Structure formats: structure tokens, C-alpha cells
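Every heavy atom of this structure was used, including side-chain atoms; hydrogens, water molecules and symmetry mates were not. We name chains A, B, ... by the order of the sequence lines, and we start the count at 1 in each one. The model shown is predicted, which means the values in this text are computed figures rather than measured ones.
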Amino acid sequence: GDIVNLVPENTGAVKGNCTVVDDKNNILVLHPDALISGTTVSNGLGCLRRAILNERFKIPTNADNISPVMLVGTIVHSVFQSAVKLTSTVTRDSLLKLAKDAVSSRRYFSDMYVGLTMNTDSKTVLAQVESYIPQIESWIKEYKRDRPTTGVGSIDFQLPITAVPDHLKPARGSTVRYNASTLNENVWPRFGLKGKIDLTGKFRIKNNKTQAIEHSILPLELKTGKDSHSMEHHVQVVAIYTMFCNERRNKDGRPPDSLPAGLLLYLKNVKSSCVPLKRADQTGVLLLRNKIADYLAKTTIKKSTTSDSTFIPSNFPPTIDNTRSCQRCSQLRNCALMSLKAAIDQTSELMVLLSQIFEHLTDTDLAYFKHWATCTFLEEQETNKKEKQKRFWLKTANERMSEGKCITNLEIAGSSQPHSDLPDSMVQTFKRYVSDCGMGNTFQIGEMVLISGTEPNHIAMATGVVHAINQSFISITTDRCVPTFWLYFFIDRHVWLGGISVQSALSNLSILMSDNPQCNMATCPQSSLILCFKIVKIMTNFFLLFIFPPREPSFVKNLDFVPRSAKDEVGRMLRGLNRTQRQAIKRVLLSKDYTLVVGMPGSGKTTTIVAMIRILLLCGLRVLVTSYTHSAVDNLLIKLIKYKTKFLRLGRSGQVHPSVHPYTEEGLSLNMKTPRELLKLYDESRVVACTCLAVTSHAFFAIPSQNRPIFDVCIVDEASQIAQPACLAPLLHSRRFVLVGDHLQLPPLVVSQEARKMGADESLFRRLTSHKPALCELTLQYRMNKDIMELSNHVTYEGRLECAHPSVADSTVKLDNYESMKTLMTDDTKWLNRAIDPKISVLFLDTSQVSFVEKFNQGIHNTGEAKIISALTKWLIKAGCNASRIGIIAPFRKQLKAIEEKLNQIEGWCFIKEMFRIINTVDKYQGRDKSVILVSFVRSKEEALGEKLLNDWRRLNVAITRAKHKLVMVGCTRSLMEYDPCKKIIEYVRSKDLVHF
DNA sequence: ACTCTGCGTAGAGGA
């Protein structure tokens, strides 16, 4: 069942109906849609296991992201590329200027920041970069032949004859034309490989066999380190890049005698060589690639032999057991963790090495890792199944176009322009060659896209971000000039393939298992997986953290630590809050380790967090604010802005809410000249906000562990919706933390049933709710009137919800035209009358007698219910209810579509629905409310329904707690009685006579 | 076949 791609090379190898694939003929690519990077393959040359671990645990285990040496290498590359592009004569001074510009470029700010934390300042970096200038100068002087007539970006090089393979001699004496207009090109070929070429050029050469003059496009790979001429370099550079370059650029596939070769330049001693691509190299590389792709595609999970119910991934490459190389392997800890102790031969030398990794860990600690790693792998496996369908190159451009994921028939409109705000960025504009249908709605500004040429081999030439778009033009921000070899282009939405959630989950777990004192575990006498906390003294003399078994939270006795100067202000702020909110904040202030704040629906959770942040600041504490989604983080920040509280928002500005933009790193560092200023900004920010996943990847947190930024308090909003491994990251950077959420609302989304059975949807919040002293409940709510609240109290909250105010309890929907409209209603529309009547706050419209049966067509939907909902909506608007105050909820996406179709007749509906996000799934409605909520339950079937979405208490709870004044539910009670949560709702509304047939 | 968000990326060099 595995999918392969056959790359036909030699038609002679076809025998009858069969195509021969062997060491001499043709090439087979396994899982061709899994694109493996060139570095991963060359990594696999030394140790396959390490290559896989590198992919799985993307974030380096030693927490030092980029070493100063690497930084220098990166910058030298960019200086070299700029130097090649120079149209004026290259002088020592012009090169020095390039070096200076590169070192102070904003592009390397965050890397330079990491350097600073390791005592490497920009001066040191510049000095090292400058040491390469003479080499760059001599290389360019030797090979560059300026030809002003060829125009900008076209440069001729002369290469030494010895650099060219024997059978091919440069045409006309010794001159080889080298057109260096493409730098740092993306590589995504059909061999299932991806990568970036430093420099691509066009050769004009004479073939000694045929005497013909050929043009061949060759890649050049630059190395600034030692001229090791290692296997790795040859594999990465020559085999992979050459294979690709030849494939993509030299038309008609590969004429047998054209020049498949690549150039390798070691800049340190200016040694360049031309390495021809041999068939054996090519097949060798692809065999290795195929192995890696197979390991990555199938992380089969096996039941372990031990008694516990966890699984271990069985399809993992073996250890190489070479102590010399293993010793300094950056993946050593992860290698050990994936070996899970028992699997390694006890007598091997490697065992000694690995056992050191485990020394500080107990079996319980390891079981925790094993449990969550297993859940993560299971989840990945399930996601992979779906992701495969997303892989866009398996469909034609026109198919993608019709799905709104692609814009075809684009041509270049003018040359790349420098971006006005972003340094080092270019903007390339395209225009639609045919204008039969517009493209205005295809993409949004800020979205990531891929730019491709029209030839099948020219997929993903460059990546970029949508800068502007209208019906006929689209402009893309890229970090370099878009190659313009082709006439026509298409632009695709960037589909994300690598599971960042997998990588970050595994990395977080790995860090938790590290020897870092902040992550220390304690022995657990009880059964595993009960995460809890132990106070461990760490080097900063503060405390944390994770441990099993459950440890009760601890508190200080009083609030004496609040600075005298702040007391009045703190008191004033506390008085502005209600009873339960005040208690929660006091609890947080007194806490030594952790607090859980249960924010029930409409209880002013955001208000409380905002007040909490401001009070913590007044107490002189530094606060980290996170949540899983950007919108949740920004939701808090927007309120914080109103109080003029300063903060630093980390994260891609395209994802950040526009009103928070001035506070993003990009916004705040706009006029910065040196990385030192960035360091200052980081150091001085008392409130830092970002998503959980950003913590695992952002440079702010990436500095070496002993200097890792430690916050006094970390606040995690919507914590009940965050998967446990993802939630760990921010906590590892704080001394104590506050989780805010509601475990009676929706849990983290887990797609794998198996993982869910193992408890993968248990958030850290939920896990810790068993520690009652840590819990504070915000029970006073400002949203629902008493009838709606009572329903929720009955179904979920067991009477704990209270209205914060009598005005909340008694409020009803405002319908100015209701009375005049009532006269229009007949007996036939009695149900409508009852549903709209402002005095009735909760009503269940039972469809079981009219048999509105659900249908399945790319999703479950129910047209009958959709009709009812749209009729209700129209009448509500007529009765004087502003559309913005109406919310429509269904559990299934397809039903939303069905409802939308019915509502499209309303004038200006498209605009209104987008503007006020009226129609959405239950899951997406969490955290929001509307005056009137219409719920369509959809499910109605003759036979049994089975356990599905509606069987989750928490989803039902979310659905019924979104309405302030009016909640109308539409559904087939006969079918819904199958679900216990629905049954409870139906029994309640029946008992109160709130059902209409 | 329900529900769906988060990531810039691949390589930068060392042994």
C-alpha cells in the first residue's frame, strides 16, 4: 500500500509491461510526498537514528539554539551572496561594507541576541566575518568577469579547467559563463527531497564526446568551515542539489551526457571543486532518503511487554553504538529516552553513556515521558493520515484553483522592490494573466504562500507572505528576489507539513527529563502519570516544580510582601472586582507554586486576569502571559492596553491582532540599530506575552539554560484547552504559575481515538483540579439571565453558578418591533411566536414529529433544521434584533454551510456574518457570547447514532452557555435521547415545559 | 466521515 514515485531514466529498461528498477536503471522514490531535507539525509549518513531524532526533536536538546560559530557561517554566506550580486567592481571596501551591513542587519538580530547571552557581541562576530573578506575578494576577482551589457544581476565567471569533469571541457578555451542571478533557491523536487541552494548558475560548455555546446545549470554550495571534503558535504551539496538542479533546470529531463555536476567551494582556503554526479551517488542518496522517509512515515506503535498500558514506537533506527561519536551527539538525551532503558544492551559501552542520562530519573519520570511521547506519536500518526490529502502537489493547479487554494496564470508585474518597512525583504508583484475570475478572496494579507513556476518541476521556488491582494494583482513579501526564469507562475497557500505540535511536545518532554534542576523529578511510590509538583531548590534560589505524585500547593501566610507604596493601588483595584475574583487574585498572590482559576462562563475571567497582571506588576513581579492560540493571548492584551500597561508581545505579526501590533517585537524594535537594544528590550519587559508554542521556538527563550529567563509568575489562559506537553514549555520559565480555564468546557483536541483512550485530552489544568486547595472558582457570572443559567447549573455546574447582579438575572432580549410583528403571526407559526417571545429565554424546538432527517455529504447536515434556523433568524431581525446580537451554533461544519446557504438571501448578509462571526461550530464559540443563540443539534436518524461529538458533556455545556438572553435549541429529541448529556438537557426542558413540538 | 490551532525555513559549523 505504500506510495512510490517512479522516476524513469532509461526507456530501454522497460521489459514488456514491466519497468525495470535496479542499480542501473530508473529510480524509485518511496513516500514521495514526504520531503526530506538535504541536511537530514546527509545527517543520516553517519547515524540514521540521529537523522530521525533531529526531525522529531527539532528543538536542540542542549537549549543552545545557534552557536556563534554557526552565526558567523550564516552571515558569511549572506555576505558572499551579496558580493556576487554586486554590479560595481568589487573592492575590499565594498566588501567590508557588505559585512558590516550584514552583521547589523535586523535579520540576524535575534541570533545576535542569543550570541550576546553567550558573551559574543557583534564586534566579535564582525571581526570573524571580516576574516573571510580577503577570500571572498580573491574568489570573485579570479572568477568574475563583468559584462555590463548583460544587465543587472548577470555576472560572468571563469572557472579553472580542472574544476570541470574530464569528459566535458569548457567551450572556447577556458571561459565558462556563470550567471549568478539566483541565490538561495528553494528546492522541492520530485525525488522527495527539499533544500536550499546557495547559488545557481548557468554554464556554457563543450561536450567532448559530441562536440556540441551545451548549457547546463549547476548549483554551488559554499562552506565556510574546514575543507573537510566530507562525505556529508558531497552528499548534501552535490548529489542532492545537483540531482535537483539538473532535474529542474535542464529541460527534457536529463540528456545522458549533459553535465550533472555541482560546485563545492571551501571559502577558508578558496578551494573550489566540481563534483560530477554519478549514478551510484544518486542511487545511494535516494536509498538513504527512502529509509528516512519510511521511518518518518511509519512510527508504528507497539504494545510494550511490560504490564502498564503504554506503547513504544517500534519503527526507530537502531543506535550505532559508537561511543566516540555518540559522546558528542546533540541528540544523546533523546536517543536515550527513545531507548527507554531496557531496550539497550546492558553490556554495551553505549549503555554507560546513556545510563548517565537516566541517573536522575525514576521509573515514574520515565513512565511520564513514555506515556506522553506515545500519545504524541499516536496523534501524529492519525494527523498524518489526514495531512496526506493536503499535500498540494498531488493535485493539479486547476484543481487547487477550484478549491480556492491556488492562483494560477500569474505573470511578473515589474521587478522585485525592497519592502518599505521590513529591512532585507523584497516585494514581488504578480498579475493575473487571464482575468476570467478574480482572486481577491483567495488569500488574506499575512498568509504564507509558495511561489511556483508552471512546469511540474518548478514547485515552490520561493516562500513568502501575502503583502497585498486584489482582483487582478497580488504582491508577496519574500526574503530574496523571486527567480524569474519562467513566464507564468502560480501561488499556493502554504500547507504546513512538519507537525510543529509533535516537535514541540517531544522537545518539551525532553527538556523536562533533562538534568536541569528546574525540571527535577522525585521518586514516586504510587502509580504513574499523576503529575504534580514538588518544590525543588534551583540555582536561582527559587522554586519549582513538576513531580509525581500529587503534591498539594503551598501558600505564604500573608500579603506582607506587597510593597507599601503599592498597597493603596492594589486595594483600589481589588475593590473594583467581585468577591470571587478578589479571592482568586489573593490566592494567586499568596501562592508559592501554583494556582488554578476556574473561569466559569461569563464570570469575568479576562477582567480578573488583567487585574491580576497589573497587581503582580505593582508587587514588582515579572509576568509571562501565554495561551495556546494567538486570539486568546491578544484578547487579554487588548484589555491590558486600555490600562496603558506596557508589555512585549512575541510572535509573527501576521498572526497578531492589529491593535496589538505596536507592542510586538517587530513594532518595538523598528528603529533599533543594534542587537544590544533588543537585549535591553527583552531584559526590561516586565510583561511578556506569546503563545505556548512560541516559547519552544522563540529566541527570547532559547538562551542557554543557566541564563534562561525566569519569570516570577506565568499565567496560562484557556489552560483547560491546552494539551499537557504543550503547556509545559511556559511553566519551565517561571517560578510559579496560574492556570486559568474551565475543565467543564472543551478539552484539548485529540484526533487519535487511541491517544484519547490513554488520556491524551487531559490538560494539565484538569489534572491539577484534584488539588482542591489550588482551586479558586469564579462563580459570579455576568452573562446569562437566570433561566439560561439555571439550565447550565442543572446540566453542568450543580448550582454553583450565580448571577453577579439582579440586572443580569432579569435581563431579556430587546426586540423593539416585537409587538407590531406579533399581529402577523398565525396559528401555523405559533412555534415561531414562542421562539421569538422575549419573555421566553429557553426553548427547545423538537423536530421529532416532522422527521427532519440528517444527511451525509462531506459532513453531517440537516436541511430541515437549517430552514428553521434561517426562518428564526429572519424573524428575529424583523422583530428588531440586530444581526450582530445573534449567534448560530452547530456541532458540524457542514451544517453551518447549510444554514449559510439559506441565509444568503438576507441583504448584506455576507458582510454581517463575517463581521460578527455569527455562524460557527460549538468548538469555535468557546469564549464568546451573544444576546441570542440558536443551536442546531443536527442529528436525527432512524437507527442508532453511536458515540460522537454530542456525547461530550463539555461540548454541550459550551453550546448552552453562550447566550445572554435567549437560547433556542433545535433538534430531534427522539434521536438525541441516545446521548446522555442531551438527555439531561431534554429532561430538564421538558420538566419546565420549554419544549415545542 | 464530526471537532481543528500552532510553527518561518533549512542550514549555519564542530568532531
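Here the side chain of A/Met70 is nearest to one of B/dT3, B/dA15, B/dG13, namely B/dG13. Relative to the side chain of A/Met448, the nucleotides B/dG8, B/dG13, B/dG6 differ in distance, and B/dG8 lies closest. If you check B/dG6, B/dG13, B/dA10 against the side chain of A/Ser37, the one that comes closest is B/dA10. Residue A/Arg652 places its side chain closer to B/dG8 than to any other of B/dA12, B/dA15, B/dG8. When the nucleotides B/dA10, B/dG6, B/dA15 are ranked by their closest atom to the side chain of A/Lys194, B/dA10 comes out on top. Considering only the side chain of A/Thr74, B/dA12 comes nearest among B/dG14, B/dG6, B/dA12.
Look at CD on A/Glu854: it is 16 Å from P on B/dA1, rounded to the nearest Å. Atom CD in A/Glu382 sits roughly 12 Å away from atom P in B/dA1 (whole-Å rounding).
Toward the 5′ end of DNA chain B lies the nearest nucleotide of A/Lys924, the other residue of the pair A/Lys924 and A/His77 mapping further downstream.
With sequence neighbours excluded, the residues that form a side chain to side chain donor-acceptor pair (under 3.5 Å) with A/Asp227 are A/Asn269. Residues passing the side chain to side chain donor-acceptor pair (under 3.5 Å) test with A/Arg49 are A/Ser339, sequence neighbours excluded.
In the interface, the side chain of A/Lys196 is paired with the base of B/dT9 through a donor and an acceptor atom under 3.5 Å apart. Judged by distance alone with a 3.5 Å cut-off, no donor-acceptor contact links the side chain of A/Arg893 to the base of B/dT3. Between the base of B/dG6 and the side chain of A/Thr691 there is no donor-acceptor pair shorter than 3.5 Å.
Side chains of A/His657 and A/Arg649: no donor on one and acceptor on the other come within 3.5 Å.
Annotation: B/dG14 and B/dA10 have their P atoms spaced 22 Å apart (nearest Å). Comparing B/dG8 with B/dC4, their P atoms sit 23 Å apart, to the nearest whole Å.
Remark: A/Arg939 is not positioned above the aromatic ring of A/Phe937, lacking an NZ or CZ atom under 6.0 angstrom from the ring centre and at most 45 degrees off the axis.
In this structure, A/Phe765 and A/His743 have tilted ring planes: the angle between them lies in the 30° to 60° band.
Atom-to-atom distance recorded for A/Ser110:OG and A/Glu665:CD is 6.5 Å, nearest 0.5 angstrom.
The shortest distance between the side-chain N/O atoms of A/Ser67 and the OP1/OP2 oxygens of B/dA12 is not below 4.0 Å. A close approach under 4.0 Å does occur between a side-chain nitrogen or oxygen of A/Thr224 and OP1 or OP2 of B/dG13.
Side chain of A/Gln135 to main chain of A/Lys268: a donor-acceptor pair is present (N/O by atom type, distance under 3.5 Å, no hydrogens or angles).
Pairing analysis of DNA chain B (Watson-Crick: purine N1 to pyrimidine N3 plus N6-O4 or O6-N4; G-U wobble: N1-O2 and O6-N3; both under 3.5 Å) yields no stem of 3 or more pairs.
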